[in-house]
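Every value quoted in this text rests on a predicted model; they were computed, and no experiment measured them.
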Amino acid sequence: MNQDLKANIYIYSENYKNDLLKIRKNSESIKFETRNTLRSSLAYQRDRCDNNNKEMENVVDTFLKLLLISEEVRDHYITRELDAKILVWDAQEWANLSQEWILKLLKDFLFIQFFTFLELSVLLDSNLQTKEIHELDEKNIKKRIKIYEDFPKLASNLGNFLKYSKVNLNAFKPSNVPKSIINIANKIIKRRYSEFPERLKAFVKETLSSTIHEFLSTFLPSINPDFKAKSLLMIRSITKFCFSTCEFLGYEVYKNQAQLIKVQNIIALGACLEYRTNNLLDCIKSHKDMDGCIYDIRECLNLENSRTYVGNFLKKEQVIQLKILNPDRSTEEIVKFYIAIIKFFKNVDPTNIILGLLAEDIHLYLRERSDVNRCVVSEISAKDSELFDEDDGLEKNSYSSSDESDQEQENYKEWKPLPVEAKFISKSARKRNYDILNQLIGIFQTKKLFINEYQRLLSKRLIENNALDIFDVEKKQLDIIKRRFDLELVTGCLVMLNDISKSHSTNEQIALKTESILLCTIISEKYWPSIQSYNIVLPKPILEERTIYSQEFEDLNPNMELQWKNSLGNIDLSVELSDRTIELKLSAVSVAILYAIQDIVEKGKGGTKSDTVWVELKDVMTAIECNNKDVVKKGIHSLTENEILVEIEINSQNLVSSGFSAFVSKYTIAETRDMLENPHLYNQITERSDKSNLGSNEINVELKTLEEREPEKITQTGVYDDFDEAEDELEDSREDFGLYWQYIVGMLTNLGPLPIDRICMMLEMFVPDKSFDDASKETLKNYLDEKVRKSELNHTNQTGMYSLS
Amino acid sequence: MLSSTGTMNQNVAKRLKNELMSLMMANIPGVTAFPESDNMATWLGSIEGAPGTVYEGLKYKLKISFPSDYPISPPKIIFTTPIYHPNVDQQGNICLDILKEEWSAVYNVQTILLSLQSLLGEPNPASPLNGDAARLWENQEEYKRTVLKHYSDNSS
């Protein structure tokens with residue numbers, strides 16, 4: 001009879017078990033034969049399974065039967081054989097199994113297998129233990145290692161198995177798992193060993209935790225999202241189960257129940273921590289499974305040294321370098337990622353130790369990037385920035401060692417000492433406030449750098465937007481920044497904001513008096529970063545308004561002088577064209593261009609009223625006296641975009657020789673819609689005869705409201721009314737004053753601001769053969785005031801002090 | 001006899017006046033000093049780190065006290081801005097040979113200030129007053145970072 005068939009029949013026969021038991025008691029040779037039979041039977045089933053996947057269920061059925069039998073008869077070597085078969089199954093094979101069978105396996109097979117493994121390794125180890133370590137032969141050691149190596153594989157198999165039994169997972173409550181497992185464990189293990197080798201302690205702990213980890217990393221990513229937040233519970237349950245197993249095995253790892261629970265927790269948390277840390281950055285970046293991650297990590301940080309583990313893992317393994325601080329990421333991306341990291345760790349770790357460990361590396365890297373300052377500041381001051389919202393919690397750091405003793409006394413019960421790991425970060429780093437804003441500011445090497453950049457962007461925002469609209473937001477932001485910096489550093493920004501509100505009231509004042517429609521932003525020259533502006537010729541109506549405004553302003557502030565920035569500001573215009581009226585807001589440059597083109601068109605029209613005059617770019621540039629092509633082009637672009645101007649490209653061959661490109665753009669005012677749609681019909685070159693439908697080409701650009709926000713410089717000029725008179729005298733003594741000037745610079749540099757009397761006194765004292773009478777003192781004063789006008793000196797009226805700019 | 005404070009020897013005052021004038025006229029960038037008050041014995045000054053050194057762009061204030069027997073004895077100079085430097089201690093005392101044993105009456109404020117400026121960029125780690133800084137000097141990058149941090153911590 002065929003050997004395989006024989007085996008099959010044997011297996012299915014009811015008497016097999018009894019036979020086997022009998023065999024067990026018999027001689028070794030019979031045992032050996034039985035094993036061989038079983039083995040070949042397995043091989044047979046296996047082959048069949050390979051040929052036809054539908055047979056899979058049969059295979060499992062056979063396996064289960066075999067397994068149960070071998071369990072009954074305590075033949076570990078057969079069990080082991082069976083396990084090995086299952087272990088080589090891949091995901092596909094698992095997937096082929098139906099639900100029913102998977103559950104069956106879960107109940108009867110896998111966990112049995114798990115314990116068999118455990119048992120087997122323990123057995124092996126206890127065998128080994130009887131000999132001294134040095135006597136262990138190589139073969140034994142190898143054998144042992146082999147078994148250990150299989151352990152995680154088994155766990156991953158367990159994960160695979162759970163993964164492919166998707167549907168049932170929701171019904172599969174975490175708490176139920178250990179229950180059913182423990183039941184099985186009970187069944188199998190009860191009858192087992194009373195002694196567990198002492199030296200296995202470490203091994204079991206290690207193996208269990210690596211097994212659990214392996215299991216989790218296969219299992220967790222595949223499960224239902226609702227389930228994820230409970231991953232920790234799951235791990236706990238499983239660990240608990242593992243320990244119960246140990247107990248059943250008679251291995252009293254920890255005699256004390258409380259200690260046992262503690263160790264269970266540690267292992268569970270450790271496994272969870274390791275799993276979570278590995279995926280942490282991806283998790284933070286993708287925001288996927290954040291809740292579960294936060295929950296787990298927060299729990300895990302109760303472990304000793306967990307913070308350094310997380311911190312060092314991210315640092316040492318170059319994880320951060322690979323995933324974040326990567327050359328092909330934009331700085332903006334990195335900064336955003338960094339913010340996410342800060343947010344995350346602040347949330348999970350109030351001691352900020354992890355952040356403390358990570359921050360320096362990130363900061364060092366970011367400092368290498370040239371655009372980091374800009375990125376960070378724009379991130380901080382982004383309109384929808386949430387960074388300022390969290391600020392209220394600023395002083396409530398539970399770990400901060402502040403002096404608020406009253407409050408501390410009240411909270412003493414909640415006080416927790418810093419974890420031991422705190423020693424790994426410097427004391428100053430510990431005391432720092434790790435909110436996002438502070439961390440970001442920390443990227444800058446000096447606070448001054450940060451403030452400079454902040455100021456630059458602030459000025460840009462204030463100039464480009466309607467300053468009053470964003471005023472409140474900016475003020476709030478600045479208040480928060482102010483709290484973190486020395487007042488001295490933020491003075492510039494404060495003055496800038498103050499200028500804005502002051503401009504507002506000045507505007508109101510002047511509007512009341514003159515009905516001026518000009519709304520100016522008046523900025524103090526010294527405190528604002530330099531603002532780019534181009535010299536252009538503005539249309540008359542604007543200039544007239546400006547003159548009135550300047551006049552009023554100087555009446556109000558006799559010591560100040562306005563310097564207009566021509567190309568900045570916006571104007572509300574109402575443009576009346578032949579067939580329509582457009583109301584819009586345009587930049588000063590655009591308005592100047594529009595007026596210039598209007599002028600040229602009007603002039604060019606001359607007698608033949610109906611001809612359309614086209615204007616070239618260079619003509620516009622000459623008209624508004626601006627030699628920056630891009631600025632003018634941009635201005636024109638906004639006009640064509642708003643359909644006030646129309647553009648044609650003329651292929652002017654005759655111009656090629658003169659070095660111009662073959663196509664020249666020309667512009668004119670789009671009086672009618674028709675012109676917008678068919679601009680070429682209106683080009684003279686096409687020489688169309690029927691121009692009667694053009695309508696009148698009258699254009700009337702009317703200034704409706706001028707909202708010109710032009711930053712001007714205020715130069716404080718002391719008295720310079722009588723400056724002219726003093727001029728002659730100054731000329732005479734120019735030489736001397738050159739000498740004085742060095743002395744004055746010297747004293748103001750080293751001694752700080754000084755009043756005029758003291759300057760005179762010092763000069764008298766230190767300049768050889770020089771004395772001052774009242775007249776020469778007055779001359780000196782005029783000389784200094786001239787310097788003030790040239791912005792080389794500052795003069796404060798209240799104190800009468802002069803200082804260097 | 002000369003009194004050490006208040007009234008000053010006419011010759012000393014005259015010499016200091018001349019030194020002040022030549023200093024003012026020389027107008028050396030990054031180096032400046034001026035008498036603190038009508039008493040010429042104490043000057044306040046500042047030096048800026050020379051370009052190309054780790055102290056580039058950093059400004060340190062000094063106090064110069066002239067003894068009554070100046071220029072036979074060297075002036076006493078201390079940094080009033082805390083500075084992280086191998087040859088300057090935490091109180092601002094400076095270890096520079098020309099201010100001590102190598103002092104000569106031909107030196108003047110201008111040469112002293114220039115020597116100090118070059119001392120910033122070329123410390124003498126052999127006779128350190130700040131051992132930390134002397135050791136760190138080897139690692140220029142780290143050194144610069146420390147200097148900047150020290151500067152921003154102390155000057156703001």
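To the nearest 0.5 Å, the span separating CD on A:Gln742 from OG1 on B:Thr32 amounts to 9.5 Å.
The two residues A:Tyr743 and B:Met25 make their nearest non-hydrogen contact at CE1-CE, 4.2 Å. Between A:Asn750 and B:Phe34 the shortest heavy-atom distance is ND2-N, 3.5 Å. Of all the heavy atoms in A:Met762 and B:Glu36, the pair that sits closest is CE-O, 3.9 Å.
Applying the 6.0 Å contact sphere to CD of B:Glu101 captures more than 12 heavy atoms from other residues, nucleotides or ligands. By the 6.0 Å contact criterion, CD on B:Gln140 is enclosed, its count of non-hydrogen atoms from other residues, nucleotides or ligands being greater than 12. Other residues, nucleotides and ligands contribute at most 12 non-hydrogen atoms within 6.0 Å of the CD atom of B:Gln90.
Using a 4.5 Å heavy-atom threshold, the side chains of A:Met761 and B:Ser37 count as separate.
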